Amino acid sequence: MTVTRFAPSPTGFLHVGNLRTALFNYLIAQKMGGSFILRLDDTDPERSKEEYANGIKEDLTWLGLNWDRTEKQSARLARYEEAADELRASGRLYECFETPVELDLKRKKQLNMGKPPVYDRSALKLSDAEKDELRKTRQGHWRFKLDQERINWKDGILGDLSIDAASVSDPVLIRGDGQFLYTLASVCDDVDYGITHVVRGSDHVTNTATQIQIIQALGGTVPTFAHHSLLTGPGGEALSKRIGSLAIRDMRAQGIEPMAFLTHMAHLGSSKPLELATSMDQLIEGFDLSNFGSAPTKYDIEDLKTLTQKVLAVQPLSAVADDLTNIGVPSDIQAQFWEVARENIATRADLAGWWDLISKGAAPLIDDADADFVAQAKALLPATPWDETSWKTWTAAVKDATGRKGRDLFMPLRKALTGQAHGPDMSKLMPLLQNVKL
Ligand code: GLU
């Protein structure tokens, strides 16, 4: 069975970057009839917060990315200890004592000599007596001893990849203070939960190489890995600089529609033309990892705003009925109101403006040059109640009386009735207007 997972660290809220990872893993599991795990990578007790874990769940739920079960790394420390023991016993985990400053110095020296800054494994040369001596003043950290050979895998997006393990430092799995690091925890979890597919950002490619060796050292089955491109801002700049404005919850507050978001995220970076999805099933159906490429992908919130408008325009009344009730639209005219408003809103919040216009009326907008014309037109307004023919009847009468036609005829009348130059089809709007201030 296909098992995927989304593994955020609850050290912040979800943002567009990691949401894309969540969506891909969700879609793969759904498409294969598999299961999707939400795994909270919370081994860092200082930075991980319940508030963020809850926020992540809230955001995923808002988007409809439902998960089958939640796992927490902080609940599995005993398991990681066991895995560490296993690696120690097989000679794959070794204790090191360099301080960050010493490591930094080593790296600088290597770079000065034109060498790659790879950990030199000096700790492997320490005798037991030397280690005992060091332990008196320092807490050792533990590194995984990579087999220095090429690590190859077929990446679901990037194709055949090969990384020379000798060009990578032996990864630290346990810190000096005993904290298990992500690499070990993630590998144990992926093995234990039978994860079959791991999709994540291309910043994890090197991690994948080392994780493959750790998985093998623990006797696990290596999942299929795929690395999606990272998002950049509209100008190609790194997204992380603007992360504040990229939080999913901020977008929700701005009125971005979940389906706009999902359609956009499932399409960004793919070679297929954008097609607005109207349901999750449609997204699942259309999703294919092999359509995605390696080039950095530009993300622009303006695209989401445009898509939000398109999503709203095709919503049935049932999808907005609660919003309409909340702003006071009586149920017997909700269908009519929605018909008029649906293509004239950027977000659901704009509904209130149209309801205000309809229920309370708007101050007429009359250009000086149109004052006489509008006065003449006012006298010709058909008697209420207005219906869908009223606008036509009125404008025809005004045209006859004044000789105006086209935009010169229609625009001043629209502005006089609605107080604005843009808006819904006037034939449909007029019957709804309850309070005309003209
Ligand atoms: N917690 C890791 C991250 O957010 C998970 C990476 C992974 O998918 O393995 O980067």
Side-chain angles (χ1 to χ4, degrees), residues 3-30 34-77 79-80 157 179-193 195-208 211 223 225-231 238-253 256 258 261-262 264-266 268-269 297 299:
V3 187
T4 64
R5 49 43 166 208
F6 172 49
S9 298
T11 53
F13 293 116
L14 284 191
H15 53 83
V16 282
N18 51 17
L19 194 271
R20 202 151 153 255
T21 310
L23 177 63
F24 284 17
N25 285 292
Y26 170 84
L27 292 176
I28 290 172
Q30 297 304 316
S35 104
F36 174 60
I37 299 174
L38 171 62
R39 187 184 89 196
L40 296 168
D41 286 2
D42 58 351
T43 50
D44 181 340
E46 261 146 51
R47 293 177 58 227
S48 301
K49 301 261 180 308
E50 196 62 27
E51 173 201 356
Y52 294 130
N54 291 336
I56 288 168
K57 291 179 187 169
E58 223 174 81
D59 291 343
L60 290 175
T61 304
W62 174 65
L63 287 161
L65 302 182
N66 302 321
W67 57 101
D68 296 297
R69 64 177 214 262
T70 309
E71 298 287 353
K72 266 171 97 154
Q73 291 192 329
S74 57
R76 290 186 24 98
L77 303 184
R79 165 64 181 123
Y80 306 145
I157 292 175
Q179 187 182 311
F180 292 105
L181 289 179
Y182 148 78
T183 310
L184 178 62
S186 180
V187 162
C188 284
D189 294 350
D190 288 344
V191 168
D192 292 356
Y193 304 152
I195 301 298
T196 56
H197 296 72
V198 173
V199 183
R200 52 191 178 192
S202 51
D203 48 339
H204 280 290
V205 166
T206 311
N207 283 340
T208 296
Q211 287 177 16
F225 285 99
H227 297 84
H228 60 70
S229 59
L230 298 182
L231 297 181
L239 270 192
S240 52
K241 290 191 190 122
R242 311 179 311 147
I243 219 76
S245 62
L246 296 167
I248 306 299
R249 52 195 41 228
D250 291 345
M251 304 208 189
R252 179 163 74 217
I256 299 296
F261 209 89
L262 295 172
H264 195 41
M265 290 293 133
L268 268 184
T297 308
Y299 162 80

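The structure presented is a predicted model; accordingly, all values stated were derived computationally and were not measured. The first residue in the sequence is number 1, and the count goes up from there.
Under the side chain to side chain contact (heavy atoms under 4.5 Å, CB included) criterion, Ser202 pairs with Val205, His227, Leu230, sequence neighbours left out. Remark: Glu46 engages Asp44 in a side chain to side chain contact (heavy atoms under 4.5 Å, CB included) (not counting sequence neighbours). A search for side chain to side chain contact (heavy atoms under 4.5 Å, CB included) contacts involving Ala29 returns Thr4, Phe36, not counting sequence neighbours. The side-chain hydrogen bond (donor to acceptor under 3.5 Å, both in side chains) test applied to Asp190 returns Arg5, Arg39, not counting sequence neighbours. With sequence neighbours excluded, the residues that form a side-chain hydrogen bond (donor to acceptor under 3.5 Å, both in side chains) with Asp189 are Gln73, Arg76, Tyr80. For Thr70, the side chain to side chain contact (heavy atoms under 4.5 Å, CB included) partners at least two apart in sequence or on another chain are Leu38, Leu40, Lys57, Trp67.
Side-chain contact check for Leu19 versus Leu65: some heavy-atom pair is nearer than 4.5 Å. Residues Ile195 and Val198 meet the side-chain proximity criterion, which asks for heavy atoms closer than 4.5 Å. Counting heavy atoms from C-beta on, the side chains of Trp62 and Ile248 come closer than 4.5 Å. You'll find the side chain of Lys49 stays beyond 4.5 Å of the side chain of Asn54, heavy atoms only. Side-chain atoms of Leu23 and Leu262, non-hydrogen and from C-beta on, do get closer than 4.5 Å to each other. With a 4.5 Å cut-off on side-chain heavy atoms, Ile56 and Pro8 count as touching. Residues Asn18 and Arg200 have side chains not in contact (no heavy-atom distance under 4.5 Å, counting atoms from C-beta outward).
Separation of atoms CD (Glu58) and CD (Glu51) is listed at 10.0 Å; rounding is to 0.5 Å. Going from atom OH of Tyr193 over to atom SG of Cys188 covers 9.5 Å, rounded to the nearest 0.5 Å. Atom-to-atom distance recorded for Phe24:CZ and Met265:CE is 9.0 Å, nearest 0.5 angstrom. One distance of note links OH of Tyr182 with OG1 of Thr43; it measures 10.5 Å at 0.5 Å rounding. For the atom pair OG1 (Thr21) and NE2 (His204), the distance works out to 7.5 Å, reported to the nearest 0.5 Å. Of the inter-residue distances, the one linking Ser9 atom OG with Arg47 atom CZ reads 7.0 Å to the nearest 0.5 angstrom.
Proximity of a side-chain donor or acceptor of Asp250 to a complementary backbone N or O of Leu246 within less than 3.5 Å is not detected. Remark: the backbone N or O of Pro10 is not paired with any side-chain donor or acceptor of Asp42 at under 3.5 angstrom. Between the Thr297 side chain and the Leu231 main chain, no donor and acceptor come within less than 3.5 Å of each other. Within the 3.5 Å criterion, the main-chain N or O of Gly201 finds no donor-acceptor partner in the side chain of Arg20.
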Practice task
Given ring pair (Phe, Tyr, Trp, His ring centres under 6.0 Å), test Tyr26 with Phe6 step by step and report yes or no.
Solution key: CA-CA 8 Å; Tyr26 170 84; Phe6 172 49; over 10 Å; no
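Taking a 6.0 Å sphere around CZ of Arg69, one finds it holds more than 12 heavy atoms contributed by other residues, nucleotides or ligands.
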